Amino acid sequence: MDNTLKKDTFCLGGHEFHSRFILGSGKYSLELIKAAVENAGAEIITLALRRANQGGLANILDYIPKDVTLLPNTSGARNADEAVRIARLSREICESDFVKIEVIHDSKYLLPDNYETIRATEILAKEGFVVMPYMYPDLNAARDLANAGAACIMPLGSPIGSNKGICTKEFIQILIDEIDLPIIVDAGIGRPSQACEAMEMGAAAIMANTAIATAGDVPAMAGAFKKAIEAGRTAYLSGMGRVMEKGASASSPLTGFLEEQE
Amino acid sequence: MSRNDHINESILNDEIREHQKKNRTDHMKYLPDMEQIDSDIMDRVLTAMNEYDYDKYTEKEVVRALNKDNLTPEDFAALLSPAALPHLEEMAQRAQQETRKHFGNSVYMFTPLYIANYCENYCIYCGFNCHNKIHRAKLTIDEIDKEMQAIAASGLQEILILTGESKAKSDVKYIGEACKIARKYFRVIGLEVYPMNSDEYRYLHECGADYVTVFQETYNSDKYETLHLAGHKRIFPYRFNTQERALMGGMRGVAFAALLGLDDFRKDAFATGMHAYLLQRKYPHAEISFSCPRLRPIINNDKINPMDVHETQLLQVVTSYRLFMPYAGITISTRECARVRNNIVNIAATKISAGVSTGIGSHVEDLEDKGDEQFEISDARTVDEVYKDLTLLHLQPVMSDYIYV
């Protein structure tokens with residue numbers, strides 16, 4: 001990590017984090033989780049509460065390192081009430097106030113329901129949860145989430161698992177510019193370069209799962225994302241260089257007439 | 001082979017032929033206790049199936065379908081056609097990519113538990129049919145508890161509760177009690193029992209079940225009528241609308257299947273896909289899955305076979321389902337042998353049963369052989385064996401990915 005990043009932290013619900021890479025734990029072999037977390041340098045790992053067994057074989061909870069912050073998500077919730085119930089259960093099972101709200105009423109694209117997400121956020125924030133809502137990047141919904149007590153906003157780059165990158169780039173930029181909470185780009189990021197791009201835009205962090213889970217070498221890809229996220233963050237903090245959109249400076253300046261005053 | 005002359009001789013015997021000639025009830029007319037819902041899905045599926053002429057497709061349509069991100073029903077039709085067979089390897093490669101994209105390397109494990117084999121239907125290819133002379137049995141509540149306890153000890157967290165189709169012998173309350181016991185031992189409870197009304201599904205959902213599987217067997221209603229000679233199951237539209245009633249009753253997911261080999265399998269597979277596709281569009285939150293059963297031998301008829309549905313055709317159907325609906329679950333049956341199951345789960349299936357018996361009371365020693373089985377299984381591997389084989393394929397066995405809310 002370079003010097004610029006050593007003191008660079010961000011805050012979620014009063015907790016400070018150095019790593020800006022939130023790693024998912026689904027879709028890959030359990031015995032790779034530990035190595036992936038280490039290579040990612042991740043301090044937060046998400047877990048679908050529905051993957052946690054009651055005993056039985058292959059319980060994912062047994063494979064998650066104890067020194068990282070567990071971020072349970074409410075996947076499986078189809079409305080606010082179900083998300084609230086799953087969040088309360090996650091608090092008991094995972095002994096964590098962190099919760100990522102996922103309310104999905106669509107089994108094909110898995111797109112989040114912003115309205116129900118706002119409702120769930122409002123209820124859970126009042127109950128003291130550190131609420132991290134997954135949402136479709138809409139400015140009005142993001143403002144409502146902020147007012148409802150969200151700890152950050154997690155807009156999607158493209159549909160979950162699609163690895164298509166930041167298709168919603170312009171709208172995420174609006175959230176970054178207008179919302180005074182950390183904006184964590186979640187879902188759809190398929191390559192380290194796309195994670196880097198989001199960080200250059202000023203995202204506070206990246207959440208990724210499928211891109212790493214479906215890589216040929218899971219721990220190595222986790223490491224590649226770490227480097228890309230750090231590079232993007234450093235670039236953002238350094239102040240991005242100017243990009244000439246329409247060629248060089250005009251040879252006949254439009255304001256030249258101001259010199260011609262009599 | 002055109003659909004009208006498709007007859008699977010392996011199912012038939014003289015007694016059945018005699019029965020088929022008798023005057024039979026109207027299989028399209030609902031019985032008085034059957035709920036009728038307002039839905040156009042059956043008409044749309046049957047129209048699409050009747051118009052499906054798989055011989056008209058050429059390599060051109062198949063290649064086009066294989067190069068698309070999102071497949072239309074027309075693309076699905078092309079992939080199920082004979083013209084797609086030379087492209088089966090490519091289909092398998094694409095199917096594997098889609099499976100990994102949506103499910104990673106997760107494969108869900110479960111086991112079926114048959115709690116009763118009484119049946120009022122006369123389905124001529126099924127070992128449980130009411131004319132077949134087999135040992136009948138029904139587990140008591142205590143026995144269900146013991147069986148479930150034994151299954152849970154194997155490490156599984158998902159159970160599929162099955163009965164024969166007798167509402168009189170295995171009423172809704174009895175199935176509900178089985179669900180309540182299952183809630184003690186398992187995270188995920190599915191049902192594969194006789195079709196029922198939406199309020200009955202609501203009750204069973206409250207008892208803990210959330211997934212309903214019903215096989216339509218064949219979508220050709222004329223053929224259906226010659227195979228299902230008596231009982232509630234004879235009523236084709238009531239069975240067809242089962243998944244929709246289950247969703248109306250609050251169930252989270254529904255599974256679809258045609259029993260491949262009963263009729264023209266390409267038409268049946270096409271109709272199965274269209275049924276699932278149209279229902280998902282109407283109920284976007286529904287979790288959709290497919291089973292891909294082929295006909296198997298039964299007690300008193302060991303000749304039954306799936307005719308022209310060989311392993312190649314089975315793979316074509318499975319990969320077509322995957323490419324058409326990449327987010328859908330696919331279950332691979334113990335009707336198939338370990339070799340086929342291992343390979344299909346590596347390509348497209350997302351769910352596999354283990355430690356399976358289709359008889360009654362087979363998981364606890366003192367209940368052994370209480371009632372005979374529905375069909376012969378081809379994969380007798382235990383939970384541990386299947387688990388190990390999956391890890392050797394670099395797949396991650398998953399016991400539960402669901403939470404009851």
Side-chain angles (χ1 to χ4, degrees), chain A residues 24-33 48-60 63 72-79 81-90 93 103-111 113 116 159-164 190 209-216 218, chain B residues 69-70 97-109 151-158 183-188 210 250 252-254 277 279-281 283-289 325-329 354 383-384 386-387 390-391 393-405:
Chain A
S25 60
K27 297 188 176 180
Y28 59 105
S29 297
L30 297 175
E31 71 267 19
L32 294 177
I33 291 178
L49 191 72
R50 64 184 189 177
R51 275 290 303 276
N53 293 4
Q54 297 166 324
L57 287 169
N59 191 355
I60 194 166
Y63 292 82
N73 71 47
T74 63
S75 73
R78 292 164 295 188
N79 54 47
D81 295 338
E82 290 182 355
V84 166
R85 266 142 66 194
I86 295 172
R88 288 174 184 156
L89 206 56
S90 81
I93 293 171
V103 182
I104 290 169
H105 197 70
D106 161 65
S107 65
K108 185 171 183 179
Y109 300 102
L110 302 175
L111 292 173
D113 181 330
E116 293 290 320
I160 291 181
S162 67
N163 285 356
K164 286 191 171 171
N209 188 4
T210 307
I212 293 109
T214 58
V218 171
Chain B
D69 269 353
N70 291 307
Q97 284 168 18
E98 290 296 330
T99 309
R100 294 288 172 273
K101 197 161 88 185
H102 288 267
F103 299 89
N105 68 344
S106 299
V107 177
Y108 306 106
M109 286 177 65
I151 293 167
S154 70
L156 292 175
Q157 300 259 301
E158 173 166 354
R183 286 278 293 150
K184 289 199 296 184
Y185 299 109
F186 302 98
R187 286 288 294 265
V188 194
D210 230 341
R252 176 179 287 263
V254 285
Y277 171 80
L279 211 59
Q280 198 274 335
R281 284 176 84 88
Y283 300 87
H285 59 283
E287 291 177 17
I288 300 293
S289 60
M325 294 178 75
Y327 48 91
V383 171
D384 284 344
V386 171
Y387 188 101
L390 290 176
T391 53
L393 291 163
H394 303 291
L395 297 169
Q396 175 60 54
V398 174
M399 301 300 129
S400 160
D401 190 18
Y402 161 82
I403 195 159
Y404 181 81
V405 282

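If you're wondering where the values come from, they're calculated on a predicted model, not measured in any experiment. In what follows, every chain begins at residue 1, and chains take the letters A, B, ... in the order their sequences are listed. Computation of the quantities below employed the complete heavy-atom set of this structure, encompassing side-chain atoms and omitting hydrogens, waters and symmetry-equivalent molecules.
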Passing candidate, side-chain contact (heavy atoms from CB on, under 4.5 Å) with A/R51, options A/N59, A/I60, A/N73:
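Testing A/R51 for a side-chain contact (heavy atoms from CB on, under 4.5 Å) against A/N59, A/I60, A/N73 leaves exactly one candidate, A/I60.
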
Who among B/H102, B/E287, B/R100 has the most heavy-atom pairs with chain A under 4.5 Å?
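Max contact count across the listed options: B/H102.
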
In terms of heavy-atom pairs under 4.5 Å, which option from B/D401, B/I403, B/N105, B/V405 contacts chain A the most?
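Looking at each of B/D401, B/I403, B/N105, B/V405 in turn, B/D401 comes out on top.
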
Looking only at heavy atoms, what is the nearest atom pair of A/A83 and A/V103, with distance?
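Here A/A83 and A/V103 meet closest at CB-CG2, 3.8 Å.
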
Specify the closest pair of heavy atoms between B/R187 and B/Y402, including all atoms of both residues, with the distance to one decimal.
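Residues B/R187 and B/Y402, closest heavy atoms: NH2-O, 3.0 Å.
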
Closest-packed option against chain B by number of heavy-atom pairs under 4.5 Å, given A/E82, A/R85, A/R78:
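Ranked by heavy-atom pairs under 4.5 Å with chain B, first place is A/R78.
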
Using the test side chain to side chain contact (heavy atoms under 4.5 Å, CB included), find all partners of B/S289 that sit at least two apart in sequence or belong to another chain.
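So B/S289 forms a side chain to side chain contact (heavy atoms under 4.5 Å, CB included) with B/A255.
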
Between A/L110 and chain B, with a heavy-atom cut-off of 4.5 Å, which part of the residue counts as in contact: side chain, backbone, both or neither?
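The answer is neither part of A/L110.
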
A/S29, part contacting chain B, at a heavy-atom distance under 4.5 Å
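For A/S29, the contact with chain B is made by backbone and side chain together.
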
Given that the side chain runs from C-beta out, which part of [X] has a heavy atom under 4.5 Å from chain A: side chain, backbone, both or neither?
{"X": "B/S154", "result": "backbone"}
{"X": "B/V188", "result": "neither"}
{"X": "B/Y387", "result": "side chain"}

Report the relative orientation of the aromatic rings in B/Y108 and B/F103; use parallel for angles under 30°, tilted for 30 to 60°, perpendicular for over 60°.
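B/Y108 and B/F103: perpendicular rings.
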
List in chain and number order the residues that pass salt bridge (Lys or Arg N to Asp or Glu O under 4.0 Å) with B/E98, two or more places apart in sequence or in another chain; answer none if no residue qualifies.
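Partners of B/E98 under the salt bridge (Lys or Arg N to Asp or Glu O under 4.0 Å) test: B/R94, B/K101.
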
